[in-house]
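Starting from 1, each residue takes its place in the sequence as its number. Atoms within a ligand are numbered from 1 in the order they appear, just like the ligands themselves.
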Amino acid sequence: MSQRTCLSIILAAGEGTRMKSALPKVLHQIAGLPMVAHVVKAAEAAGAGDLALVIGHGAEEMRKAAQKFAPKAEAFVQEKRLGTAHAVLAARAAISKGYDDVLVMFGDTPLIDPDALTAARLKLAQGAAVVVIGFRTANPTGYGRLIEKGGKLVAIREEKDCSDEEKKITFCNGGLMAIAGGQALKLLDAVGNKNAKGEYYLTDIVEIAGAQGLDVVATEASFENALGINNRAELAQAEGIWQARRRQEAMLSGVTLIAPETVFFSHDTEIGADTIVEPNVWFGPGVKIAGGARIHAFSHIEGAIVAAHCDVGPFARLRPGADLKQKAKVGNFCEVKQAVIEEGAKVNHLTYIGDARVGAGANIGAGTITCNYDGYLKHFTDIGEGAFVGSNSSLVAPVTIGNGGYIASGSVITESVPDDALAFGRARQKTIPGKGKELRERFASAAAAKKR
Ligand code: UD1
Ligand code: MG
């Protein structure tokens, strides 16, 4: 099949009013990726070939976003929303280039399975002119019904045009269609708009193809393939299904999720075998975790690289650019941003490390802060191998702590510290014998005087 050329057309001109959003519907995200980008990914996994994106509402925003998730896609604007066949024809220029297969997908149906697309393409390769991907549901309301006669698909009837008898059919149109490229324009151009909605229905090509003696086939896929998102409740439903699939995949690939339903992955999360993820962990985009790591409960991780056997959390926040080398530790209530934590270094408690490097085996005491921002620019803190930073220290960047440098607790370090030096950046302690007792007596009598 790989030698067959393919054009994938993704329809995304809908307004999505029920989302009640300033953002075009198909740019709302699932697992941190716009839903239309999920469709693009599925198409690519099925060997989608060239991509055509039919846009309308929010066209400029769509074009801009598409640069990121489908830089090679060609955008076609459907000026008036006259139905799904009309939308496909907005990409006429692309279709007429001549492809073996034309796939039509909806941008608001993000859970489509590449296997369903591949199966449909296979039917085209076997000689079908139109392949419809259907699904069965106990509640078919709103979907086009697949009308079969003698085991053959003869028509798709939209809900509004169905007779009472047809409404009882539970085999429905999922919205995905594969069309033989050589027939596509001829079939689409024959579609009219004499129906309850006055729209040009893509689904009409089934009857048209049948009347021309062409082979029309229905394949069956699971319900998720047809789950269209119209409002935020459905968006959450799709997110739930996506997460459930991803958790299953992670566990089967050797990752332990103690409470899988509380762990949230991003579309691109990579996580190695023998990593243990405790409950309530969030992975934002751009996370790579090697094997054998432990991610403790309530950690929030995005844009971070975590090497093998690292220990993160509980309650850790790894922000973009956090780069933990082997066996590094980032403990509770620590935030790491744009910083390398070298092998075996420990940042265990209540610390902010930003725009920095923490050398191998260094120990960062509780409450250490790299003061990286002066209100205008970010500055770098370099902490050497085996350094020790005492608790509650502020490292005012730009600053360097040499290898083996030792910082006294409570220091404010504004000048670089050479290798193996000890630095105090705080007032020297003063101890006054008997003064504590004297103070206590003075305060007690003041309190007694007030009560009287
Ligand atoms: C469509 C199918 C129906 C199927 C259902 C599955 C048709 C006529 N009906 O109905 O059989 O069961 O999907 O979810 O195809 N769009 C445009 N321009 C238009 C019209 C639509 O770009 O002029 C896009 C929409 O943005 C959407 C997709 O096409 O992504 C489907 O349109 P929608 O109005 O949701 O069709 P349904 O009524 O759900
Ligand atoms: Mg729909």
Side-chain angles (χ1 to χ4, degrees), residues 8-19 21 24-28 34-40 42-43 52-59 62 75-92 103-112 116 130 132-137 139-147 153 155-162 166-167 169-179 187-188 191-208 218 220-231 234-235 237-238:
S8 290
I9 303 175
I10 299 176
L11 306 188
E15 281 185 36
T17 42
R18 281 173 282 170
M19 293 299 279
S21 176
K25 173 167 83 172
V26 297
L27 294 184
H28 282 262
M35 59 174 112
V36 60
H38 284 269
V39 179
V40 170
L53 205 55
V54 178
I55 57 179
H57 183 71
M62 282 293 298
F76 296 90
V77 177
Q78 184 195 21
E79 298 290 354
K80 275 193 195 148
R81 222 174 154 273
L82 300 180
T84 43
H86 182 261
V88 174
L89 279 171
R92 180 188 293 275
L103 287 177
V104 179
M105 287 156 280
F106 296 163
D108 63 355
T109 307
L111 298 179
I112 55 170
V130 177
V132 174
I133 302 180
F135 66 101
R136 288 183 199 277
T137 172
N139 181 15
T141 309
Y143 291 105
R145 310 298 204 281
L146 302 190
I147 316 281
L153 179 65
I156 301 177
R157 197 89 71 233
E158 291 306 297
E159 167 100 9
K160 284 195 173 164
D161 302 298
C162 277
E166 286 167 340
K167 277 187 185 152
I169 297 172
T170 55
F171 194 20
C172 297
N173 176 23
L176 303 165
M177 227 180 253
I179 312 168
L187 294 173
L188 288 160
V191 172
N193 65 349
K194 290 202 179 64
N195 51 54
K197 275 175 133 182
E199 286 188 0
Y200 294 87
Y201 289 161
L202 171 63
T203 43
D204 281 357
I205 68 169
V206 166
E207 227 170 327
I208 295 166
E220 195 178 331
S222 67
F223 166 72
E224 284 97 81
N225 285 282
L227 182 66
I229 312 300
N230 294 305
N231 57 44
E234 285 163 353
L235 183 69
Q237 189 190 356

Tell me whether Tyr143 has any N or O atom under 3.5 angstrom from an N or O of ligand 1.
no
If we only count heavy atoms from C-beta on, is the Thr203 to Val191 side-chain gap below 4.5 Å?
no
Any protein heavy atom sitting closer than 4.0 Å to atom 36 (O) of ligand 1?
no
Is the backbone of Gly228 close enough, under 3.5 Å, to the side chain of Asp108 for a donor and an acceptor to pair up by distance?
no
Contact atoms of ligand 1, heavy-atom distance to Leu11 under 4.0 Å
22 (O), 24 (C), 29 (O), 30 (O)
So, applying salt bridge (charged side-chain N to carboxylate O under 4.0 Å, His left out) with Arg145, which one of Glu166, Glu158, Glu159 is it?
Glu159
Name the closest protein heavy atom to atom 26 (O) of ligand 1, giving the residue it belongs to and the distance to 0.1 Å.
Gly14 N, 2.9 Å
Looking only at atom types and distance, does a side-chain atom of Asp204 sit under 3.5 Å from a main-chain N or O of Ile208, one as donor and one as acceptor?
no
Heavy atoms of the protein only: does one fall short of 4.0 Å from atom 12 (O) of ligand 1?
yes
Minimal non-hydrogen separation, Ala226 against Phe135, with atom names:
CB-CE2, 3.3 Å
Would you call His86 a ligand 1 contact, heavy-atom distance under 4.0 Å?
no
I need the nearest protein heavy-atom contact for atom 34 (O) of ligand 1: residue, atom name and distance, please.
Arg81 NH2, 3.6 Å
Ile156 side chain reached by Tyr201 side chain, heavy atoms, under 4.5 Å:
no
If you take all heavy atoms of Asn225 and Ala116, which pair is closest and at what distance?
OD1-CB, 3.9 Å
How long is the span from the CD atom in Gln78 to the NE2 atom in His86, to the nearest 0.5 Å?
5.5 Å
Below 4.0 Å from ligand 1: does a non-hydrogen atom of Val54 turn up there or not?
no
Side-chain donor-acceptor pair under 3.5 Å between Thr137 and Asn139, yes or no?
no
Under a 4.0 angstrom heavy-atom cut-off, which atoms of ligand 1 come close to Gly144?
3 (C), 4 (C), 11 (O), 12 (O)
Which ligand 1 atoms does Thr84 reach within 4.0 Å, using its non-hydrogen atoms?
7 (C), 8 (C), 15 (O), 20 (C), 21 (C), 29 (O), 31 (C), 32 (O)
Test item, Gly228 contacting ligand 1 (heavy atom, 4.0 angstrom):
no
Mode of Val26 contact toward ligand 1 - side chain, backbone, both, neither (heavy atoms, under 4.0 Å):
neither
Under 4.0 Å from a heavy atom of Glu158: give me the atoms of ligand 1 that qualify, with their elements.
2 (C), 3 (C), 7 (C), 8 (C), 9 (N), 10 (O), 11 (O)
Would you say atom 39 (O) of ligand 1 touches the protein, meaning some protein heavy atom is under 4.0 Å from it?
no
Gly142 to ligand 1: N or O pair under 3.5 Å?
no
Sub-4.0 Å heavy-atom contact, Gly174 with ligand 1
yes
protein heavy-atom neighbour closest to atom 1 (C) of ligand 1 works out as Phe106 CE1, 3.8 Å
Atom 6 (C) of ligand 1: nearest protein contact (heavy atom, Å):
Asn173 O, 3.5 Å
Which protein heavy atom lies closest to atom 18 (N) of ligand 1, and at what distance to 0.1 Å?
Gln78 OE1, 2.7 Å
Do Lys25 and Asn230 touch side chain to side chain, with heavy atoms closer than 4.5 Å?
yes
Of the non-hydrogen atoms in Lys167 and Cys162, which two are nearest, and what is the gap between them?
CG-CB, 3.6 Å
Is a side-chain N or O of Glu234 found less than 3.5 angstrom from the main chain of Ile229, in a donor-acceptor match?
no
